[in-house]
Amino acid sequence: MTTMTETSARFREFKMPDVGEGLTEAEILKWFVQPGDTVTDGQVVCEVETAKAAVELPIPFDGVVHELRFPEGTTVDVGQVIIAIDVAPGSGDAPAPAAAAPAQEPVEAPEAEAAPKGRTPVLVGYGVAETSTKRRPRKGAAAAPEAAAVAAAVQAELNGHGAPAPAPTGAPAGGRPLAKPPVRKLAKDLGIDLATVVPTGKDGIITREDVHAAAAPAASAAPAAVASPVAPQAPAAAVPAAASDSARETRIPVKGVRKAIAQAMVGSAFTAPHVTEFVTVDVTRTMKLVAELKEDKDMAGVRVNPLLIIAKALLVAIKRNPEVNAAWDEADQEIVQKHYVNLGIAAATPRGLIVPNIKDAHDKTLPQLAEALGELVTTARDGKTSPAAMAGGTVTITNVGVFGVDTGTPILNPGESAILAVGAIKLQPWVHKGKVKPRQVTTLALSFDHRLVDGELGSKVLADVAAILEQPKRLITWA
């Protein structure tokens with residue numbers, strides 16, 4: 001197995017694998033085992049989050065958990081050992097877990113020389129690749145002597161004594177205080193010695209709020225040189241900065257899926273020239289069809305809703321205008337025409353907006369499409385969407401109508417040519433057969449990459465989708 005190493009005939013180590021496509025790190029979300037637990041080959045031992053999805057990791061051998069190398073919430077580089085297993089329990093006295101384990105950095109990797117060319121992990125269970133592996137060197141994080149002296153003096157003053165302040169609760173004995181690199185940088189900028197900061201984070205990790213709390217009293221007593229070069233200081237008569245910050249702001253680390261989404265959207269917005277077109281359409285007949293399909297025995301066991309008909313309408317429109325289903329190859333300066341449709345459906349999850357896709361959606365019947373949509377949404381809401389399920393999309397639908405929004409200007413997913421936004425379906429006055437009547441109406445918005453989709457092609461696709469939703473019998477006549 002590519003993700004384990006043998007430390008002896010008795011103990012084996014399991015390394016963080018590359019659970020995606022070339023990913024370099026993953027965050028340990030949850031451990032399902034603890035030291036002393038018995039595990040079997042194939043048993044899930046932890047859940048990790050990469051830049052693409054949350055993934056459960058199975059252990060590849062039997063034994064007893066000897067040591068967990070990293071706590072939950074730690075970001076670990078691919079290739080680092082995360083768990084040690086005793087594969088021959090009872091055969092003798094086991095060595096104690098490594099003494100350095102409690103002092104593990106939450107993000108930084110241990111110092112190591114560059115590894116020689118060899119075997120590195122790729123997809124779990126999919127073999128190995130020949131490459132060179134290197135570990136990032138650990139950065140020094142010691143605060144300036146002057147800043148440390150000031151912080152120590154201020155802390156001593158706060159204690160009401162001239163003696164040094166007691167060691168913070170939770171700090172590793174004789175070890176380096178636990179803090180992530182951004183927090184270390186913040187402490188350095190504020191002139192705070194992390195050894196004097198009382199940690200409140202999980203497992204004794206120092207948070208940004210802890211640093212601000214330590215900086216608040218220092219700001220009123222320390223020279224100006226110690227003040228933050230970027231953060232505004234509270235007036236003397238105001239509430240202390242730390243209390244104000246913690247009450248008025250919440251800082252959320254951008255990592256994992258949310259970080260990947262942010263990077264992808266920025267890249268898409270500033271790479272592909274977006275054009276968005278809109279159309280408002282009477283979907284009363286589509287809503288009647290949805291109601292009829294819910295009672296149809298051939299659709300029993302699957303969820304029928306307007307999104308199902310909209311998805312089918314988009315697939316028919318793509319079939320009538322296949323040039324829209326393409327991608328721009330910047331390296332070769334080519335338009336890549338796709339002869340298949342992997343239909344993406346934007347799904348809101350606790351970890352952010354993700355876009356899994358239905359593979360070969362163009363080949364599916366309406367019941368098959370309904371079943372695939374149901375499975376996709378359920379899996380996404382449970383946080384179990386795999387990286388493979390989000391790769392290879394060609395066109396996407398985002399249903400902003402579920403939030404009561406009329407429409408929007410959606411941003412393309414990187415590598416795709418178009419995205420359709422569906423607004424809320426509302427009862428509105430509408431001219432129908434020469435008379436104003438209440439009708440079910442919605443607004444559609446189609447964004448497309450203007451490098452490969454011109455205005456005429458984009459307009460045809462959007463008009464076809466609208467025409468089908470207005471007269472859903474076209475699903476038969478145009479299919």
Side-chain angles (χ1 to χ4, degrees), residues 52-54 257 281 283 285-319 324-325 338 340-405 408 410 412-413 416 418-425 440 442 444-446 461 464-466 468-469 472 474-476 478-479:
K52 295 186 176 182
V257 174
V281 58
V283 295
R285 291 186 179 91
T286 288
M287 297 305 290
K288 289 180 179 179
L289 175 61
V290 169
E292 293 172 359
L293 289 174
K294 287 181 178 180
E295 303 300 326
D296 193 314
K297 64 179 182 179
D298 291 330
M299 301 296 289
V302 296
R303 185 179 180 184
V304 178
N305 55 23
L307 180 61
L308 171 63
I309 307 302
I310 293 167
K312 192 65 175 178
L314 179 57
L315 292 171
V316 172
I318 292 172
K319 181 178 179 181
V324 75
N325 189 42
K338 306 292 179 65
Y340 58 91
V341 181
N342 289 345
L343 181 63
I345 303 294
T349 74
R351 294 188 177 94
L353 185 71
I354 64 173
V355 188
N357 59 77
I358 300 172
K359 309 299 183 186
D360 294 325
H362 62 290
D363 282 338
K364 297 188 181 298
T365 63
L366 196 64
Q368 290 172 340
L369 187 60
E371 183 178 1
L373 276 171
E375 292 177 354
L376 179 147
V377 172
T378 300
T379 303
R381 287 176 178 171
D382 291 343
K384 303 300 182 183
T385 303
S386 67
M390 292 186 285
T394 61
V395 177
T396 290
I397 296 176
T398 178
N399 185 11
V400 297
V402 296
F403 305 109
V405 176
L412 293 166
N413 286 312
E416 298 184 12
I419 179 171
L420 177 70
V422 182
I425 298 175
Q440 298 282 355
T442 191
L444 307 175
L446 183 73
V461 172
D464 279 356
V465 174
I468 293 171
L469 297 181
R474 292 189 172 109
L475 288 173
I476 300 173
W478 287 3

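Taking all atoms of both residues into account, the shortest heavy-atom contact from Ala317 to Val465 is CB-CG2, 3.7 Å. Smallest separation of non-hydrogen atoms from Lys319 and Ala479: NZ-C, 3.4 Å. The two atoms that bring Leu446 and Ala418 nearest to each other are CD1-CB, 4.2 Å, heavy atoms only. Annotation for Ala311 and Ile397: closest pair CA-CD1, 3.6 Å, computed over non-hydrogen atoms. Residues Ala445 and Gly408 share a closest heavy-atom pair of CB-O, 3.2 Å.
Side-chain atoms of Asn357 come within 3.5 Å of backbone N or O of Ala389 as a donor-acceptor pair. Although no hydrogens or angles enter the test, the distance criterion places a donor-acceptor pair under 3.5 Å between the side chain of Thr442 and the main chain of Ala424. Proximity of a side-chain donor or acceptor of Thr286 to a complementary backbone N or O of Leu469 within less than 3.5 Å is detected. Checking side-chain atoms of Thr394 against main-chain N and O of Asn342 turns up a donor-acceptor pair under 3.5 Å.
Residues in residues 288-297 take part in no side chain to side chain donor-acceptor pair (under 3.5 Å) pair, two or more places apart or across chains.
Annotation: the span from Leu475 atom CG to Lys312 atom NZ amounts to 7.5 Å, rounded to 0.5 Å. In this structure, CG in Asn325 is found 9.0 Å from CG in Leu314, a value given to the nearest 0.5 Å. The distance from atom CG of Leu373 to atom CG of Leu343, rounded to the nearest 0.5 Å, is 7.0 Å. One distance of note links OG1 of Thr378 with NZ of Lys384; it measures 13.5 Å at 0.5 Å rounding. In this structure, Leu289 CG and Met287 CE are separated by 10.0 Å, a value rounded to the nearest 0.5 Å.
Residues His362 and Ile318 form no side-chain contact, since every pair of their non-hydrogen atoms from C-beta on lies 4.5 Å or further apart.
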Show, in sequence, the C-alpha distance, side-chain angles and deciding distance for Met390 and Ile354, and conclude whether the side-chain contact (heavy atoms from CB on, under 4.5 Å) test is met. CA-CA 8 Å; Met390 292 186 285; Ile354 64 173; 3.7 Å; yes
Residue pair Val422, Val400: steps toward the side-chain contact (heavy atoms from CB on, under 4.5 Å) verdict: CA-CA 6 Å; Val422 182; Val400 297; over 6 Å; no
Are Val395 and Val324 close enough, and set up right, to give a side-chain contact (heavy atoms from CB on, under 4.5 Å), and what steps lead you there? CA-CA 9 Å; Val395 177; Val324 75; 5.5 Å; no
Take Thr396 and Glu416 through the side-chain contact (heavy atoms from CB on, under 4.5 Å) test and state the conclusion after the steps. CA-CA 8 Å; Thr396 290; Glu416 298 184 12; 2.7 Å; yes
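Annotation: side chain to side chain donor-acceptor pair (under 3.5 Å) contacts of Asp464 (sequence neighbours excluded): Arg320, Asn321.
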List the atom pairs, with distances to 0.1 Å, where a side-chain N or O of residues 298-310 and a protein N or O form a donor-acceptor pair under 3.5 Å, not counting sequence neighbours.
{"from": "Asn305", "atom 1": "OD1", "to": "Leu307", "atom 2": "N", "distance (Å)": "3.3"}
{"from": "Asn305", "atom 1": "OD1", "to": "Leu308", "atom 2": "N", "distance (Å)": "3.1"}

